[in-house]
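First the structure, in the form of structure tokens, and then the observations on it.
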Amino acid sequence: EASPILTEDGQRLRLFQFSPAGGAGRWERVAFGEDGDYFVIFTLSTRDAESLGATAPVYESMLMRYRRQPGERLGQ
């Protein structure tokens with residue numbers, strides 16, 4: 001389990017990273033949270049470690065902007 005991601009509205013998403021045994025397969029980061037009565041799951045899946053590292057900043061930025069409820073952004 002990796003360090004959790006804090007969303008825009010203060011929710012902590014649990015973050016896990018998975019890598020294939022032997023290096024052949026899918027490399028993934030999966031974040032889990034709750035939104036009311038629902039569970040939310042965000043998955044980043046790549047074919048190699050280099051691609052996972054290259055795309056992880058965009059994925060994490062998206063997670064940090066997530067809000068449980070639609071509405072105005074914080075600070076506005």
Side-chain angles (χ1 to χ4, degrees):
E1 185 169 358
S3 297
I5 297 285
L6 190 62
T7 66
E8 186 174 85
D9 62 354
Q11 179 181 185
R12 288 188 183 273
L13 299 177
R14 293 182 71 187
L15 184 63
F16 294 85
Q17 184 165 314
F18 301 97
S19 58
R26 305 300 293 185
W27 296 72
E28 297 183 328
R29 284 193 182 178
V30 182
F32 299 89
E34 293 184 40
D35 192 341
D37 292 334
Y38 301 96
F39 291 107
V40 292
I41 301 170
F42 302 94
T43 304
L44 172 63
S45 183
T46 65
R47 293 185 178 156
D48 56 63
E50 184 178 309
S51 297
L52 185 69
T55 55
V58 174
Y59 171 75
E60 292 178 10
S61 175
M62 180 207 59
L63 295 175
M64 288 187 278
R65 290 192 313 267
Y66 178 76
R67 293 180 59 82
R68 290 182 209 177
Q69 300 293 326
E72 293 185 12
R73 298 176 65 85
L74 292 178
Q76 292 185 355

Set of residues satisfying side-chain hydrogen bond (donor to acceptor under 3.5 Å, both in side chains) with respect to S61, sequence neighbours excluded = R65

hydrophobic_cluster_shared for M62 and V40, side chain cutoff 4.5 Å | yes

Grab the two heavy atoms, one from D9 and one from R68, that are nearest each other, plus how far apart they are.
-> OD2-N, 2.8 Å

Residue set satisfying ring pair (Phe, Tyr, Trp, His ring centres under 6.0 Å) with F16, at least two apart, ordered chain then number -> F32

Qualifying residues under ring pair (Phe, Tyr, Trp, His ring centres under 6.0 Å), relative to Y59, sequence neighbours excluded = none

Closest heavy-atom pair and its distance - L15, E60 = CD2-OE2, 4.3 Å

In terms of hydrophobic clusters joined by side-chain contacts under 4.5 Å, are L52 and M64 together?
-> yes

State which residues pass side-chain hydrogen bond (donor to acceptor under 3.5 Å, both in side chains) with Q11; sequence neighbours excluded, sorted by chain then number.
-> none

Minimum-distance pair of heavy atoms, taken over all atoms of G33 and L13 = CA-CD2, 3.6 Å

May I have all residue pairs that pass salt bridge (Lys or Arg N to Asp or Glu O under 4.0 Å) and include part of residues 10-25, sequence neighbours excluded?
-> E1-R14

May I have all residue pairs that pass salt bridge (Lys or Arg N to Asp or Glu O under 4.0 Å) and include part of residues 34-46, sequence neighbours excluded?
-> none

Determine the minimum heavy-atom distance between P57 and A54, stating which atoms define it.
-> CD-O, 3.7 Å

With T55, which residues qualify under side chain to side chain contact (heavy atoms under 4.5 Å, CB included), at least two apart?
-> L44, T46

The reported gap from CZ in F42 to CZ in R29 (rounded to nearest 0.5 angstrom) is 15.5 Å

Is there a path from V58 to I5 through hydrophobic residues (I, L, V, M, F, W, Y) whose side chains come within less than 4.5 Å of each other?
-> no

Could you pull out all residues at least two apart from R47 that satisfy side chain to side chain contact (heavy atoms under 4.5 Å, CB included)?
-> R26

